[in-house]
Number of protein chains: 2
Amino acid sequence: MKNPKDGVQSVSRALTLLQELARSDDGLRVSDLARSTGLAVSTAHRLLTTLEQHGFAQFEPETTLWHVGREAFAVGSAFGRRRNFVAPALPFLKRLRDVTRETANLGILDDKQLVTISQVESREIMRAISNPGGQVPVFCSGMGKAIVATWSDDAIAALADQAGLPPMTTKSLRNMDAVFEDIQLTRQRGYALDDEEHVTGLRCVAAEVWSPQGEAVCAISVSGLAARLTDARLDTIGAQVRKAANELTLRLGGTPPV
Amino acid sequence: MKNPKDGVQSVSRALTLLQELARSDDGLRVSDLARSTGLAVSTAHRLLTTLEQHGFAQFEPETTLWHVGREAFAVGSAFGRRRNFVAPALPFLKRLRDVTRETANLGILDDKQLVTISQVESREIMRAISNPGGQVPVFCSGMGKAIVATWSDDAIAALADQAGLPPMTTKSLRNMDAVFEDIQLTRQRGYALDDEEHVTGLRCVAAEVWSPQGEAVCAISVSGLAARLTDARLDTIGAQVRKAANELTLRLGGTPPV
DNA sequence: TCCCGTTTTCCACATTGTGAAAAACCTTTT
DNA sequence: AAAAGGTTTTTCACAATGTGGAAAACGGGA
């Protein structure tokens, strides 16, 4: 008769109540909840009380309506917190590596530096030069520029002011005019380009990834020898990177740019 | 022996497990959970399974670790949805973050606790210590004090009476005299200050946001290392936070204080 | 291969959750 | 002002349900 696969009855019922509560924006009454879940009113009441004791449900005495409680919010946000983008990003990076046959990277902006968090290496003989964990000045990095391009010009100027524009190669951007010109291009193209600005001989195509809060949290890029990442391939790869970035954005619960 | 006031045992235990899971960023094993909650392993396992069936917990077979599940996230965000000032607040938080270069927060008062609803992080190395969803005793929080300062002294006393004054650091307010003194200052200044009263080394400047009904519904704050939020900057930041709070108030259809 | 530390399943037992019904509240109606 | 109709709470006897010890199934190391 009893099927253990159903789990613990009372817990299961309590969770159903919570889900029902979450469905409603302006609260529900005990009797409504009892009806919609098929529970006895007294049972629903008892379970709700328990949920309330733990802060998962909330009762408004004035209106006698039940709501989802703060503790549910607290526990739920732990789900989002755990999302360090590395794990979900991997499949997209791999696919990107496979379609481009070049190294794919994931990076975040941290204290004026772009940090490469994760990397899926090209299978070609010549590998990328930068390592995961490696840091690059923002404006010498494709990923850095992709993220920064989403900011206001003022914010960009402020960052450049603080971080400076340390040149890494002869092609590095050396003044604000060059920076804004490059950012302008980045916004138009929909992807950022590092054309041997970090390491001579190395090119890098990048696009930013958006958080649910509507901010560019990290970026995806493809990097390889300038000899292989020819001008002719740039737009194709740009579109592929853009696509991967948008897909990851969706995966993370964000909204890609129009 | 049995006290019905304790609520439904199994539900209560399951919720405790969830809270425990939320505390950990990289997952917990059944046996760890059993130990930390004082449950028999088999019981913990059974409850977790039930949580998993509803999507509130998530099990990683590879690592045999348990995490908070997507459904907990879904239900939790219903809490945020009901307090729908999150979306309209974001632009103001971002601007505040940009002008102060510190983390900007949005919080509401809920059952004697201040809950951080949303957050726009500083771009500096040291990020905020508190997470969205985090809860702080009212009188240890800048945002809490900003809201409460709009109340009558009687109401404040009543709340303190109920909630107590649990000290979080050595600088926390420990008696009603200190509270009223601080509230007095808050009203004069036009902004509230949490000077390492919640976390040592962390300062926080806050101002309340008004509803069209003329009540302080939520608060905006800027938080950062005490080393960076120096006394010299306090009044400037206070004015900036006040301004952001007033702008959001207008946006929500309320009337800012004179 | 065997072993140790897990996770998972099983099962007899009584603790614990259950729901009908009654009590306590509210508004609204007469 | 009292009665009626809708709630939300509380109570309580009963047995269905959840419990935890112990045993079984894994899953990596030696």
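Heavy atoms only: backbone and side chains are in, while hydrogens, waters and symmetry mates are out. Quick note on labels: first sequence line is chain A, next is B, and so on, each numbered from 1.
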Mind running side chain to side chain donor-acceptor pair (under 3.5 Å) on B/S118 and B/N105 for me, showing each step along the way? CA-CA 6 Å; B/S118 185; B/N105 311 279; over 6 Å; no
Sort me out a list of protein N/O and nucleotides 21-24 of chain D N/O pairs below 3.5 Å, or just none if empty.
from   : atom 1 : to    : atom 2 : distance (Å)
D/dG21 : O6     : B/S42 : OG     : 3.2

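For the pair A/R13 CZ and D/dA16 P, the computed distance is 14 Å after rounding to whole Å. The distance between atom CG of A/L33 and atom C1' of D/dT9, rounded to the nearest whole Å, is 16 Å. Atom CG of B/D32 and atom P of C/dG5 are 15 Å apart (whole Å). Between the CD atom of B/Q53 and the C1' atom of C/dT8 there is a distance of 14 Å, given to the nearest Å. When the P atom of D/dT9 is taken as reference, atom CG of A/L39 falls 16 Å away, rounded to whole Å. For the pair B/L65 CG and D/dG27 C1', the computed distance is 15 Å after rounding to whole Å.
Minimum atom distance to the side chain of A/R29 is reached by D/dT7, of the listed D/dT7, C/dT8, D/dT19. Taking the side chain of A/T64 as heavy atoms from C-beta on, and the options C/dT7, D/dT8, D/dT19, the nearest nucleotide is D/dT8. If you check C/dG19, D/dG18, D/dT8 against the side chain of A/T43, the one that comes closest is C/dG19. In this structure, the nucleotide among C/dT18, D/dT7, C/dT8 sitting nearest to the side chain of B/H45 is C/dT8. The side chain of A/F59 sits closest to D/dT9 out of D/dT9, D/dT17, C/dT7.
Residue-level contact check: B/S31 touches the backbone only, with heavy atoms under 4.0 Å from sugar-phosphate atoms and none from bases.
Applying the ring-ring contact (aromatic ring centres under 6.0 Å, His included) test to B/F92 and every residue at least two apart in sequence or in another chain returns nothing.
Ion pair B/E247/B/R251 not flagged as a salt bridge, since none of the NZ, NE, NH1 or NH2 atoms sits closer than 4.0 Å to an Asp/Glu carboxylate oxygen. Checked for salt-bridge contact, B/D153 and B/R187 meet the test: a charged N lies under 4.0 Å from a carboxylate O. Salt bridge present: A/R228 and A/E102 bring a charged side-chain N and a carboxylate O closer than 4.0 Å. Under a 4.0 Å N-O distance rule, the pair A/D98/A/R95 does not qualify as a salt bridge. By the 4.0 Å N-to-carboxylate-O rule, B/D194 lies too far from B/K145 to be salt-bridged with it.
Taking the P atoms as reference points, D/dT10 lies 23 Å from D/dG6, given to the whole Å. Comparing the P positions of C/dA21 and C/dC25 gives a spacing of 23 Å, expressed to the nearest Å. A gap of 16 Å separates the C1' atoms of D/dT17 and D/dA13, to the nearest Å.
OP1 or OP2 of D/dT17 has not a single side-chain nitrogen or oxygen of A/S10 nearer than 4.0 Å. Taking 4.0 angstrom as the limit, A/Q9 places none of its side-chain polar atoms (N or O) nearer than this to OP1 or OP2 of C/dG17.
A tilted orientation is assigned to the rings of A/F59 and A/W66, their planes being inclined by 30° to 60°.
Nearer the 5' end of DNA chain D, as judged by each residue's closest nucleotide, is the contact made by A/W66, out of A/W66 and B/L47.
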